[in-house]
Amino acid sequence: MSAPQIPNLHTLRRGVGRRGGRGRGVASGVAESNNETNQTRKDAIVQSTDTDAATSRLSAVEAGYLDDPFAKLLTHGGHVDRRLPLMNRGTYVRTVAIDRLVDEFLRSTRKCARQIISLGAGSDSRFFRLKTKYPDICLSYHEFDFPTNTAAKIHQMQNPSFAHSLKGLCNMDLPSSSTSLSNDGIQNDSFQLQADSCHYHLHPLDLRTLTNPKRNQDQIKQDLSRLGISLDVPTLLLSECCLIYLPPEDADSVLSYFTSAFHPAIPVAVVIYEPIRPHDAFGRTMVSNLTARGIHLQTLHAHDSLAAQKERLGKHGLGSMAGKETGGAEAADIDFIWQTWIEEAEKERVEGLEWMDEVEEWRLLARHYCVAWGWRETSDNVNDSVFEPWGQLPMQDEEA
Ligand SMILES: C[S@@+](CC[C@H](N)C(=O)[O-])C[C@H]1O[C@@H](n2cnc3c(N)ncnc32)[C@H](O)[C@@H]1O
């Protein structure tokens, strides 16, 4: 959720604004360029969405919604103008919802090693927050993003205040060797941090390059092992507003690439956060506002509802299963999550942070973003289940 994405409610009441406008101008200009320049330009726009995400996070932190000392350190410039209250609340709910799923995953795998793979992680600070919250955690955390974005993140990390916080809060040191921080090195190699059994890997990689249909399962397993990804530990794959920017077939291939590499006996889960419901007035205006900025939510129409998101997860082998294999696929919108996942006292705290005039807009906006989560595992008994707590979360039954 970022400010220019919010449709103006007055416009909605009068009817949806005309499509085109600035978007058509941008589109025709781009069409005149050759394909490569065209793609580079489109990619640059997608890469820049990380600035929206990072500045929204920082705004929510500075307004008191979230406690995240790393948000400022990982945001270029370290300062943002305050977002609207409904934006701050949206960022808050999105973050705590994903944190809750991640926390349950970590809690139920506490006795063993586990792994999180974050697609299009951008400037996300989740790994550092987790390491601060669980100092002795045994976790491999892999982040993927375009080289431009991983380079920018490493640049932010080179700031002495980041190194200081990393040491103080996470008991981790930045590598002293300049090789892993050099501009040359980061284009090809992943950047790594390590403290005891906790590993952080930052991979500069365009995810679309993983979608080569000619690579067979053995080659994929070799690729993953070269990246340091283990195929024998419980793994959570996270796409927080990333796969939506890929062509639908590429987004599907990326999900298959990761989920199919694991043996069925290894617990595997996917968490996705992205917009939904593009067909109503608010959704159409949201899409058209983004199109005007050159941003195309490429998978939005393919996975446009809670049901479609669950079906998508089911197609990747995450969902209800027979016999020893168990699983599930669920989805809930941000409005539902705000109402049912957040405890009353915490809701009161959040509501007390800022006066929100735009309650109607908030609900509309919140109904157009969802979290979807799917899992599979093999367990004889509920006590061994990694994902049993996920099945206990309040579920949204219907498209309301
Ligand atoms: C809206 S930002 C979200 C960043 C982060 N997940 C968060 O929620 O704060 C989307 C991110 O996905 C990344 N992304 C989109 N397409 C990608 C691709 N093909 N390969 C790697 N990263 C990609 C972008 O570069 C950007 O950093």
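Each ligand, and each atom within it, is numbered from 1 in the order the structure gives.
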In terms of ring plane angle, is the pair Trp338 and Tyr92 parallel, tilted or perpendicular, where the classes change at 30° and 60°?
perpendicular

Classify the angle between the aromatic ring planes of Tyr369 and Tyr273 as parallel (below 30°), tilted (30 to 60°) or perpendicular (above 60°).
parallel

Between [Y] and [X], is there a side-chain donor-acceptor contact under 3.5 Å, judged purely by atom types and distance?
X: Gln339; Y: Asp335; value: yes
X: Asp223; Y: Tyr257; value: yes
X: Ser123; Y: Gln156; value: no

Determine, using ring centers only, whether His301 and His279 are less than 6.0 Å apart.
yes

Students should find this: residues with any non-hydrogen atom under 4.0 Å from ligand 1. What is the answer?
Val46, Gln47, Thr49, Asp50, Ala53, Arg57, Arg94, Gly120, Ala121, Gly122, Asp145, Phe146, Asn149, Leu205, Asp206, Leu207, Arg208, Glu240, Cys241, Cys242, Tyr245, Leu246

